[in-house]
Protein chains: 2
Amino acid sequence: MARAATTSDAFNAIAEPQRREILVLLRGGERPVTELAQDLGMSQPQASKHLRVLREVGLVRVRGAGKQRLYGLDARGLRPLHEWLGGFERFWSGSFDRLDEYVQDLKQARREEPPDGDDQ
Amino acid sequence: MARAATTSDAFNAIAEPQRREILVLLRGGERPVTELAQDLGMSQPQASKHLRVLREVGLVRVRGAGKQRLYGLDARGLRPLHEWLGGFERFWSGSFDRLDEYVQDLKQARREEPPDGDDQ
DNA sequence: CCATCATATGCCTATATCGGAATGCGTCAA
DNA sequence: TTGACGCATTCCGATATAGGCATATGATGG
C-alpha cells in the first residue's frame, strides 16, 4: 500500500503546507484562483489542483462569478481536526504542562546518572 | 516532487490514521511496542515504524525499561497544529457557525436547480 | 556463551503524490 | 464568430510512502 489519499480526510488534505496557506488566505474572504496562485507564488494549475483537493474534503467551496470562480473557506471541515486535538489539550495546557515537563526531566536526569548514592 | 515526508511535520505525521490511534492510546500512559501493536491490530514492525515517525517529529518519547521500550506521549508536539487551527476557530464557533451554515444551504439550494453535475 | 524475548531495520512492490508543461473548456466582449 | 481571458484537466517523471516478510540488534536469565 501507499500513503492514504490526500482527499481521504481533512488530516491528509492539510498535511500539504501550500494547502494550509491557501486556507489561511481564504480567511480574508473569497478569492479567484489566479489571485491565490500569485499571492502564494505558485502556478495557476497547481493552485487549481490544491483547490480541488480542498474542495473534495469540504474545506472550501466554489462560486462562479462570471469568468472567475471564487473560492471561499468552509471551516466546518476543520472540526474533526479540532475535536481530535481537543482530546490532548490537557497534556499541554497550563500547569499540567509544566508538571509533565518536570516529571519528564526528572526521569531523564535519573537515567543519565550513575546508580550512585543518594546525597543529603 | 512527491509528497512531503511524513517526518517533516506533526501535520504530516498525524495524517496517517494508525498513528493517530497510537497517540490516542498513549494518552492512557506509557506502553511497550508489542502491546500497542496488538491493541491496534497491526504487526510489530509496523508499530515500530509508526513509532519511529512519531518520535522523529517529537510526538512520542522512548524510555528503556529492561527488555522493553516504553513509548510515551509528548503532546507538546501537537501545539503547532493547535495554534494553526486556532486561527480558524471563529469560523465555526457559536452563532457565526449557524449563519455560515444558513448561507451555505441557500447557495446549495440555488445551485441544485439546474441539471448540474456538481461536485461529489 | 547461549537461548529467548522485545524491538528495530532492511528489502520489496504497488500506489499516489507534487510539480511542470501543454491543452481543453467555458465565459465574456465586440 | 472570433479572440481573449480564467480556470480545469490532462500527461509526464521522480519520489516516498504503508505494509508484508525476513532478519538484525539488544537486553536478560541461565
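Chain A is the first sequence line, chain B the second, and so forth, proteins listed ahead of strands; every chain is numbered from 1. None of these values were measured; they are calculated from a predicted model. Computed over heavy atoms, backbone and side chain alike; hydrogens, waters and symmetry mates excluded.
For the residue pair Asn12(A)/Arg3(B), the side-chain donor-acceptor check at 3.5 Å is satisfied.
Looking at which nucleotide of DNA chain D each of Val53(B) and Arg31(A) is closest to, the 5′-most match is held by Arg31(A).
Note: NZ (Lys67(A)) to P (dA8(D)) measures 15 Å, nearest angstrom. The nearest whole Å value for the distance from the CG atom in Asn12(B) to the C1' atom in dT17(C) is 12 Å. Computed from coordinates, the Arg69(B) CZ to dG26(D) P distance equals 11 Å when rounded to whole Å.
Axis angle, first five pairs versus last five pairs of the helix from dC1(C)-dG30(D) to dT17(C)-dA14(D): 40°, rounded to 10°.
Within the cation-pi definition used here (under 6.0 Å to the ring centroid, within 45° of the axis), Arg61(B) does not qualify as a partner of Tyr71(B).
Relative to the side chain of Arg3(A), the nucleotides dT17(C), dA8(C), dT17(D) differ in distance, and dT17(D) lies closest.
At a threshold of 4.0 angstrom between heavy atoms, the contacts of Ala5(B) are confined to the sugar-phosphate backbone, with no base atom among them. Contact annotation for Ser48(B): base contact, defined as any heavy-atom pair under 4.0 Å involving a base atom. Among the protein residues, Arg19(A) comes within range of the sugar-phosphate backbone only, with heavy atoms under 4.0 Å from sugar or phosphate atoms but none that close to a base.
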Contact list (N/O, under 3.5 angstrom) for nucleotides 19-25 of chain C vs protein:
from    : atom 1 : to       : atom 2 : distance (Å)
dG19(C) : OP1    : Gln18(A) : NE2    : 2.9
dG19(C) : OP2    : Gln18(A) : NE2    : 3.3
dG19(C) : OP2    : Gln46(A) : OE1    : 3.1
dG19(C) : OP2    : His50(A) : NE2    : 3.1
dG19(C) : N7     : Gln46(A) : NE2    : 3.0
dG20(C) : O6     : Lys49(A) : NZ     : 2.6

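Rounding to the nearest 0.5 Å gives a distance of 8.0 Å between CG of Leu54(B) and CG of Leu26(B).
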